[in-house]
*Asks:* 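Dropping a structure here in structure tokens format, bear with me for questions.
Residues take their numbers from the sequence shown, with the count starting at 1.
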Amino acid sequence: MKFINLLKKELSELINKQMIFSLIFTVAIFFIMGNVMESATSEIVEEAKSNKLSICSMDDSAVTEEMIESFKESGSKVDLVTVEGDNYASAFKKQKKLKGFVVIPKGFGEAVEKGEKPEVYSVSKVQGAAAFSNMTSGPENTLSAVTLFVSQKLADQKGVSKEQLKTIEDPLTVTEHTVVADKSAQVSMGSIVTKLMMQNMILPIIVVLLIMMTSQSLISSISNEKIDKTLETLLSTPVSRGSVITAKMLAAAIVALLNAGVMMAGFTSYTAGMMGSMASDIATTIPQDAAESAKGALSGIMSSGDALKQLGLQLGAADYLLIGIQLFVTIMICLALSIILGALVNDSKSAQTMLLPIVMMVMIPWMITMFTDVSSLPTVAKYVIYAIPFTHTFTAMPNLMFGNNTEFWLGLGYQIIVFAVVMFFALKLFKSDKILTISLNLGQKSKFKKSRKTTED
């Protein structure tokens, strides 16, 4: 009962109004972000499906007029853009929603009639620095339509039929296959990589946030109790010190897992919103050949879920349970380290500094696993990175996905050993009176000596 009371005390201190508000705020933020991303991606999809062509014609030839009329007859909406001289930026001032257009310069029709290669100008506007700001077809649809018209016109001059022209321009039918281990699927590798990146982005961010939050909370808790002398009172109560440290760690772990659940749900909602509109039904016929590339890319994303299942890259309930266990062990390592680091604090300012070792051990493997596979590094570098216990948390999902079960279990075993060692020293420190006196001066002794010497002089 004493341990339960201790655990309730620690949980009541950690689960307060501020924490509940932060959880609600986190869910709200992810909900808003998911809706924003869904709106942004649906705009991209709608643009890919649209049949709008933006043309600035500076050529008054019959060929140009014929081309524009043929676009209208095929069902395309032709937007005739006007510019002031050679100032192409003026077009965007007149039409705020315009993202790009194609300029048909003077002499275009004459070049086509002579069987020469005509020149056109492609004008695009940079919308911003955000990833989705410039993810637009811009003038590409219009360029494709103009190219198709000119190709057909030149083919007519040479006596080539439309069907023959299509075969000449696209002589190959390419069917992409992607292989993982001993399984293969008829899907492009690009769509698989995109899906994997989206999935593997979630866990590392959650791990980083959780480690930062739990480390900071426990270091602050230990250091504040030590500075306020309440730790000495707590340790003098008729409760074993092992129970005290276990209650603190278990309470922090429960709160961390609660945060993990909220963050996982939030990120899932966010990614679902971002991919939702792209995965919508776009089977309707796009009215122009210009949008075929966009249609292919989107259908690749849409079919990647089934392809992941066929390639064995989808994780099951047992896999997620193993990832959860490894995440729990990671949090416990973090908490054991935080107890030792919190005991070294002798003032409130140095509590922030004590978080730095944990931050470095998290950020190094996180950044490396974002850009490369740890197993592909040179031998020395590979084992140095693997020696950091948090590395195995970031590699857990890829290992289970690609069937590297041995690497996963070795990593989990190594983390358990690290936790046992760190926990041994934390318990040894907590059960001795050094917990009340130990500190890391961080240069304060030298400052004191200097001050004393100045006083004596």
*Asks:* In the structure I gave you, are the side-chain heavy atoms of Leu412 and Gln415 within less than 4.5 Å of one another anywhere?
*Replies:*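 In short, these two side chains touch, coming nearer than 4.5 Å.
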
*Asks:* Quick check on the 6.0 Å ring-centre criterion: do Phe328 and Phe419 meet it?
*Replies:* no

*Asks:* Just by distance, no angles: are the side chains of Thr142 and Ser54 close enough, under 3.5 Å, to form a donor-acceptor pair?
*Replies:* no

*Asks:* Taking the side chain as everything from C-beta on, heavy atoms only, tell me whether Leu337 gets closer than 4.5 Å to Met361.
*Replies:* yes

*Asks:* Kindly say whether Tyr386 contributes a backbone atom to a donor-acceptor pair with the side chain of His392 at under 3.5 angstrom?
*Replies:*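 Looks like yes, one N/O pair under 3.5 Å.
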
*Asks:* When you compare the side chains of Thr395 and Glu407, does any donor N or O come within less than 3.5 Å of an acceptor on the partner?
*Replies:*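 Checked: Thr395/Glu407 side chains show no N/O donor-acceptor pair below 3.5 Å.
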
*Asks:* Keeping Ser338 on the side-chain end and Cys334 on the backbone end, is there a donor-acceptor pair under 3.5 Å?
*Replies:* yes

*Asks:* Taking C-beta and beyond as the side chain, do Phe390 and Ile211 meet within less than 4.5 Å on heavy atoms?
*Replies:* yes

*Asks:* Going by heavy atoms in the side chains, are Asp79 and Leu53 under 4.5 Å from each other?
*Replies:* no

*Asks:* Just wondering, do Leu377 and Val374 contact through their side chains at under 4.5 Å, heavy atoms?
*Replies:*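 They are in contact (side-chain heavy atoms under 4.5 Å apart), so the answer is yes.
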
*Asks:* Can you classify the ring geometry of Tyr121 versus Tyr88 as parallel (below 30°), tilted (30 to 60°) or perpendicular (above 60°)?
*Replies:*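 Ring orientation, 0 to 90° scale: tilted.
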
*Asks:* Sub-3.5 Å donor-acceptor pair from the side chain of Asp319 to the main-chain atoms of Gly316, do we have one?
*Replies:*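 Indeed, once roles are kept as given, a pair shorter than 3.5 Å links the two residues.
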
